**Student:** 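Have a look at the structure that comes next, please.
All chains are named by letter (A, B, ...) in the order of the sequence lines, taking the proteins before the strands, and each is independently numbered beginning at 1. On a predicted model such as this, the values are computed, not experimentally measured, just so you know.
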There are 2 protein chains.
Amino acid sequence: MMRYHKVPEETIKRMPQYLRALLFLRQQSTKYITSRGLSEYVLLNPPQIRKDLSYFGAFGLRGTGYEVEPLIKQIRRILKLDVEQKTVLVGAGRLGSAIARFPGFQRYGFNITDIYDNAGKRIGKKIGKIQIKDVAKLNKIKANSVKIAIIATPPETAQQIADALVKAGVTSILNLTSAYLAVPKKVRVRTVDLAMELGMLPYYT
Amino acid sequence: MMRYHKVPEETIKRMPQYLRALLFLRQQSTKYITSRGLSEYVLLNPPQIRKDLSYFGAFGLRGTGYEVEPLIKQIRRILKLDVEQKTVLVGAGRLGSAIARFPGFQRYGFNITDIYDNAGKRIGKKIGKIQIKDVAKLNKIKANSVKIAIIATPPETAQQIADALVKAGVTSILNLTSAYLAVPKKVRVRTVDLAMELGMLPYYT
DNA sequence: TTGTGCTTGTGTTCACATTCACAAAGTCTT
DNA sequence: AAGACTTTGTGAATGTGAACACAAGCACAA
């Protein structure tokens with residue numbers, strides 16, 4: 001019974017991958033999947049998958065594999081994606097607009113409820129059904145209702161946006177700028193700088 | 001002398017971060033930086049930074065730190081970013097368009113030379129100075145001249161695009177779709193699924 | 001030139017993550 | 001009902017990367 005061990009951070013990072021694969025399998029009307037079967041969708045070996053899942057409980061059926069639908073529910077619960085996660089987007093430029101209409105977020109339980117920008121010409125306009133608000137009103141985010149934010153502004157303004165978000169009670173930030181963000185320890189930042197993601201590829205050629 | 005050890009993959013992933021910080025420091029006219037100084041820009045501790053750099057040589061000056069300009073050159077050389085990396089972009093939708101105009105790529109030596117899409121209405125139009133080509137002509141990529149590709153299409157078409165790219169001689173792919181891509185071992189894929197990046201954040205709240 | 005104060009470079013230690021190997025438990029066939 | 005076959009769950013072994021501590025080297029002042 002491993003359930004009371006500390007769960008490795010790497011395991012947490014892989015859980016969304018499992019979820020993505022399972023959602024795909026459900027769409028294909030697959031009812032059961034073995035760790036071997038899953039491994040073909042996530043490029044990890046079967047023992048790794050079994051071990052990861054076992055940190056949270058014994059979800060499988062020996063001799064059969066994992067039942068897709070219940071496992072989806074479990075992973076959603078583990079990652080706290082079973083409740084709707086209200087999300088704010090800051091930056092309604094090209095990248096921000098693309099993000100706002102990105103269908104993938106919904107599937108994981110993220111719901112973009114507010115969009116902010118600092119450009120006068122954009123404020124008031126709509127992306128989908130959401131009206132763009134003035135970034136100066138960021139402090140009006142209802143405390144405790146929005147915990148997650150996405151920053152898609154130019155890098156120069158990212159830090160001040162982050163400060164405002166933290167003050168408004170946001171605890172997780174997806175930073176899509178190239179800026180390094182200084183935040184209190186309790187706040188979790190995940191930075192995705194596309195140029196940097198590319199940066200390591202040529203090394204291996 | 002560690003130079004002949006195998007370089008950890010994690011180290012390679014961090015090198016672009018160092019580069020980014022150094023480029024910023026150069027812009028600030030900083031001539032020398034210590035490992036401690038750098039650590040404030042990349043959120044890693046000084047010994048980690050020194051160890052990473054030492055895999056490739058002794059670039060520092062004891063008592064002083066690292067000279068910014070030469071270190072930039074060294075890292076660029078190590079990551080093979082000192083020569084221009086021709087890059088193709090497939091998918092000229094919202095995300096693709098945002099990528100195409102993204103200024104960050106240039107700084108790292110990536111130069112988007114071709115853009116492809118499958119939608120008739122987009123083909124022939126221009127993004128910046130680059131005319132969008134028909135994805136059916138992907139096989140016309142000059143062999144050996146383009147090694148890197150970015151896929152920003154809907155996930156359903158990502159696999160067939162990847163197949164075509166591999167056939168055309170591309171060796172590194174940045175996959176911005178949620179699809180898992182099956183490619184030959186020699187081809188390097190880096191998948192960035194923004195929804196998945198968000199997926200792990202709520203766990204820690 | 002000698003001593004003091006930094007900072008790098010790295011062997012060693014430690015912590016964490018992955019893989020292995022197999023018992024336990026279920027399925028299915030005969 | 002029994003045996004062959006699958007597949008999970010996990011303790012133990014292995015592998016890999018991070019952190020530490022300190023010797024080696026450089027700068028600068030007296």
**Student:** What do you reckon, is CZ of B:Arg101 surrounded by more than 12 foreign heavy atoms closer than 6.0 Å?
**Tutor:**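 Yes - once you tally the heavy atoms of other residues, nucleotides and ligands closer than 6.0 Å, there are more than 12.
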
**Student:** May I have the distance from B:Leu53 (atom CG) to C:dG9 (atom P), rounded to whole angstrom?
**Tutor:** 8 Å

**Student:** Within this structure, what is the CG-to-P distance between B:Asn45 and C:dT8, rounded to whole angstrom?
**Tutor:**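 Spelled out: CG on B:Asn45 to P on C:dT8 is 13 Å.
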
**Student:** Write down the distance between CG (B:Asp52) and P (D:dA19), rounded to a whole number of angstrom.
**Tutor:**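 Those two atoms, CG and P, are 10 Å apart.
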
**Student:** Atom NZ of A:Lys51 and atom P of D:dA13: how far apart are they, to the nearest Å?
**Tutor:** 12 Å

**Student:** Tell me the interatomic distance from B:Leu61, atom CG, to D:dG25, atom C1', rounded to whole angstroms.
**Tutor:** 10 Å

**Student:** It should be established whether A:Arg50 places a side-chain nitrogen or oxygen under 4.0 Å from OP1 or OP2 of nucleotide D:dG9.
**Tutor:** no

**Student:** Taking ring pair (Phe, Tyr, Trp, His ring centres under 6.0 Å) as the cut-off, I'd like each qualifying pair that reaches into residues 75-111 of chain A, sequence neighbours left out, listed once.
**Tutor:** A:Phe102-A:Phe105

**Student:** Is the phosphate of D:dT6 approached by A:Tyr32 (side-chain N or O, under 4.0 Å from OP1 or OP2)?
**Tutor:**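 A:Tyr32 to D:dT6 OP1/OP2: no side-chain N or O under 4.0 Å.
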
**Student:** Taking salt bridge (charged side-chain N to carboxylate O under 4.0 Å, His left out) as the criterion, tell me which of B:Arg76, B:Lys31, B:Arg26 meets it with B:Glu69.
**Tutor:**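 Going through the options one by one, the only one that passes is B:Arg26.
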
**Student:** Using the ring of each side chain (for Trp, its six-membered ring), is B:Phe56 parallel, tilted or perpendicular to A:Tyr203, with breaks at 30° and 60°?
**Tutor:** perpendicular

**Student:** Hey, is the side chain of A:Arg62 pairing donor to acceptor with the base of D:dT8 inside 3.5 Å?
**Tutor:** yes

**Student:** Between P on C:dT8 and OH on B:Tyr55, what's the gap in Å once rounded to a whole number?
**Tutor:** 17 Å

